[in-house]
Asker: 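Below is a structure I'd like to ask you about.
Below, chain A is the first sequence line, B the second, and so on; all start at residue 1.
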Number of protein chains: 2
Amino acid sequence: MNRPKIVILGAGYGGIMTAVRLQKDLKVDEADVVLVNKHNYHYQTTWLHENAAGTLHHDKTRIPIADCISKSKTTFVQDTVVKVVPDEKRVILANGELTYDYLVVGLGFESETFGIKGLKEHAFSISSINAARMIREHIEYQFAVYNNEKERRDERLTLIVGGAGFTGIEFVGELANRVPQLCKEYDIPREKVRIINVEAAPTALPGFDPELVEYAMNLLESKGVEFKIGTMIKECTPEGIVVEKDEKVEEIKASTVVWAAGVRGSDIVDESGFETMRGRVKVRKDMRDPNRDEVFIVGDCALIINEETNRPYPPTAQIAIQQASTVSHNLTSLIRGKQELETFTPDLKGTVASLGEGEAIGVIFGNKKIFGRTASMMKKVIDNRYLMMLGGIPMVLKKGKLKMF
Amino acid sequence: MNRPKIVILGAGYGGIMTAVRLQKDLKVDEADVVLVNKHNYHYQTTWLHENAAGTLHHDKTRIPIADCISKSKTTFVQDTVVKVVPDEKRVILANGELTYDYLVVGLGFESETFGIKGLKEHAFSISSINAARMIREHIEYQFAVYNNEKERRDERLTLIVGGAGFTGIEFVGELANRVPQLCKEYDIPREKVRIINVEAAPTALPGFDPELVEYAMNLLESKGVEFKIGTMIKECTPEGIVVEKDEKVEEIKASTVVWAAGVRGSDIVDESGFETMRGRVKVRKDMRDPNRDEVFIVGDCALIINEETNRPYPPTAQIAIQQASTVSHNLTSLIRGKQELETFTPDLKGTVASLGEGEAIGVIFGNKKIFGRTASMMKKVIDNRYLMMLGGIPMVLKKGKLKMF
């Protein structure tokens, strides 16, 4: 019974895929694998904006962990990670603790508010299933209240999204599709509703090809989205936001503000004595912590520099999933006594941003730009491919996006 | 063009059925009929508790006025009645005014809070489509927020219904069916949720046979409803309610308080110089205002004393619908120059209170007690019968409760 014990913290993209890969890579009895997660489900962070807008039910986004892992190969512990004590190879949980021989840290992201006043208190963040369904209900409740007040308060129908990056744009796209449904449900004229997307950078979708950006903005504007580009959010209050552009300060009243402009790694990683930058560990090429040979970091908590651009790779699902393969491969090697570990190299297959049902933009095969229904279909192919890796055809059939056209 | 002009105020049960009956009773060109209503839809007040609980969509409860009346026979004006000036045979609307030769007042009910402190400000009332869907969303939002707070506040999951009369009991029955769905949707253990029904009288369903009351209470208790009978609500606060029983005062924290314990007639009737008692006019036997030969009152604003019991008849849909026939008949007589008018006599066919899907209690044929699925089916038959009178078979098919068993 002297098998090494691998503990995986977090069942996000990186954590769950590490567990799934280990089930294939390791032989029976080579190691004990324990997966720890706060909830008994895994969820697709990249779909949460649809749950938050109310265009997709969250049960489609989450997957029972029991459906992903095999009980006989992986032990699942439902608990909240409080802290890691790497010097003692110990993990403190809310309701107990665990020791490990090897640790995989996949504790995900938190919202990064860059110190903007009031954002933490008054803005929502699309960070979990719980948060997403609260945002959905919050928005719906504002619409439901509107016609009940003697003095109509139009700010109830103003939806502000902070950030026109990937997540911000995708969320705005879903909102633009959702709002007409809400107007019908609550007898509200569409023109009373404002969807405002605020971005501090000089362009929406910074980093994307200008042609794609233009396509996205034109499409979303045609659905009634207002863009405020090159505009800083100075403060978020219970009444709305204060923005500044060209030294002009403006207050925008809104009952709903969703912050979708920045993520950082996990507080827990920060507080556990790892060397971090905003919750991220700059890992070695083999995905290990620079100072600890038995600790791997995966997903949003891992920082890897793209040597071509000298900037960090973005914290995407695609990269987390690929890292999981490397982590599983290297863990297997270590357990088998091999010291030569694989180097992680991201294989960027493309990026597709959805703009609401049936519409998207993106780049595939390195430089091919795609638009509209083609891009939307490609997005679904990517999503279904992940489900295939995670749980095979049954999972694609259960949770996949199968309405292709 | 010297046709008499009949103006009907309100498209509730009494108003809309008066319009529908007049379309049959009057010959073409005998009169101009104008129906005024705040919304472009009629709704079934007796179903609103289902919309408020979230067990039935409000679009099933409301019916476009255009589907009930014939444009060539009745003119529909969508506007809000501000005041009637009976001395001048004039009605002031929010956006205009109307004159009449004959007036039918069917302005419905308002919530009666009996001066209980804070009820008007902090409790909901199931009084309209707008209010019902707001209650539904308010409750759902509390469930959605619950798991997002670091310190769980169980009062978010406490639902208080003031009044265990007909409406209170029916609403509690729907809530008992809805809560397990909400628990599933938001990952909340059922035992965290409380449904508390508070009644000042010494029994639930005062006026009902004790055997029926016992059946109803047992059934609802088995679904987790807590009754506080013989308990006065002393105050409603933003945090919940303060109750008193046997001189013991208790505070119950709750994010949702719905007041379902009393109705009165319309404020507008009070303020228009009619002789009223709590918004109701004690009408003559022919349904006319005691002082004005050209004004009929129908529905919740009409007060009729049951001579057998010397108490007013309750303001029910059944009675309002029957009154509409009398009003239409008498209007037709007046227009044709007949001075002998029909006397209104209620024909009480029975009372059935629903206790959630598939369950009900009631009395039919004067004294036959019915329970369970039989009573539930009878309730649906009554509901469908009304739709049949209102719009024939097409309306029964569109809006009826057709799942009988």
Side-chain angles (χ1 to χ4, degrees), chain A residues 37-41 43 48 51-52 54 57-62 64-65 78 80 82 94 111 120-150 152-153 156 181-189 255-256 258 267, chain B residues 37-41 43 48 51-52 54 57-62 64-65 78 80 82 94 111 120-150 152-153 156 181-189 255-256 258 267:
Chain A
N37 196 55
K38 202 192 293 189
H39 308 291
N40 62 359
Y41 53 83
Y43 58 83
L48 286 177
N51 310 145
H57 193 272
H58 56 263
D59 280 340
K60 196 92 189 194
T61 295
R62 62 176 168 179
I65 287 174
Q78 185 177 348
T80 303
V82 176
S111 190
K120 227 176 182 128
E121 296 76 19
H122 307 302
F124 293 100
S125 154
I126 311 173
S127 55
S128 64
I129 293 280
N130 274 326
R133 60 193 168 189
M134 177 169 67
I135 294 169
R136 176 192 74 192
E137 288 306 312
H138 173 83
I139 293 170
E140 192 156 351
Y141 187 49
Q142 304 309 313
F143 278 70
V145 171
Y146 184 75
N147 275 330
N148 284 278
E149 289 175 318
K150 283 228 165 108
R152 302 279 193 271
R153 294 177 51 220
R156 286 209 184 273
Q181 297 169 359
L182 287 171
C183 287
K184 186 155 178 277
E185 178 78 4
Y186 296 104
D187 301 324
I188 288 168
S255 294
T256 306
V258 178
D267 276 347
Chain B
N37 196 55
K38 201 193 294 190
H39 307 292
N40 62 1
Y41 53 84
Y43 58 84
L48 287 176
N51 310 146
H57 194 269
H58 56 263
D59 280 341
K60 196 93 189 192
T61 296
R62 62 176 169 180
I65 286 174
Q78 186 177 346
T80 302
V82 176
S111 190
K120 228 181 182 123
E121 295 77 18
H122 308 301
F124 293 100
S125 154
I126 310 173
S127 55
S128 65
I129 292 280
N130 274 326
R133 59 191 168 191
M134 177 169 66
I135 294 169
R136 176 192 75 192
E137 288 307 312
H138 173 82
I139 293 170
E140 193 157 348
Y141 187 49
Q142 304 308 312
F143 277 71
V145 172
Y146 184 75
N147 275 330
N148 284 278
E149 289 175 319
K150 282 230 166 110
R152 304 278 194 270
R153 295 177 52 220
R156 287 212 184 271
Q181 297 169 359
L182 287 171
C183 287
K184 186 155 179 277
E185 177 78 3
Y186 296 104
D187 301 324
I188 288 168
S255 294
T256 307
V258 178
D267 276 347

Asker: Considering only heavy atoms, give the residues of residues 126-133 of chain A separated from chain B by less than 4.5 Å, sorted numerically, with 'none' for an empty result.
Answerer: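 Those residues of residues 126-133 of chain A which have a heavy atom under 4.5 Å from chain B are A/Asn130, A/Ala131, A/Arg133.
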Asker: Side chain, backbone, both or neither: which part of A/Tyr146 has an atom under 4.5 Å from a heavy atom of chain B?
Answerer: neither
Asker: Roughly how far apart are B/Gln142 CD and A/Glu137 CD, rounded to 0.5 Å?
Answerer: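 Nearest 0.5 Å value for the CD-CD distance: 10.5 Å.
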Asker: Might you point out which heavy atoms bring A/Ile188 and A/Phe143 nearest each other, and give the distance in Å?
Answerer: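 Taking every non-hydrogen atom into account, CD1-O, 3.4 Å.
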Asker: Please report the interatomic distance CZ(A/Arg62) to CG(A/Asn51), rounded to the nearest 0.5 Å.
Answerer: 9.5 Å
Asker: Is a donor on one side and an acceptor on the other found under 3.5 Å between the side chain of A/Asn147 and the backbone of A/Asp187?
Answerer: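 Present.
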Asker: Counting only heavy atoms from other residues, nucleotides and ligands, does the tally under 6.0 Å from NZ of B/Lys60 exceed 12?
Answerer: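 Result for NZ/B/Lys60: enclosed.
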Asker: Can you tell which part of A/His39 gets under 4.5 Å to a heavy atom of chain B, answering side chain, backbone, both or neither?
Answerer: neither
Asker: So, A/His138 side chain and A/Ser255 main chain: donor-acceptor pair closer than 3.5 Å or not?
Answerer: yes
Asker: Checking B/Tyr186 against chain A: side chain, backbone, both or neither under 4.5 Å from a heavy atom?
Answerer: both
Asker: Run the numbers on A/Glu140 and A/Gln181 for side chain to side chain contact (heavy atoms under 4.5 Å, CB included), then give the verdict.
Answerer: CA-CA 10 Å; A/Glu140 192 156 351; A/Gln181 297 169 359; over 6 Å; no
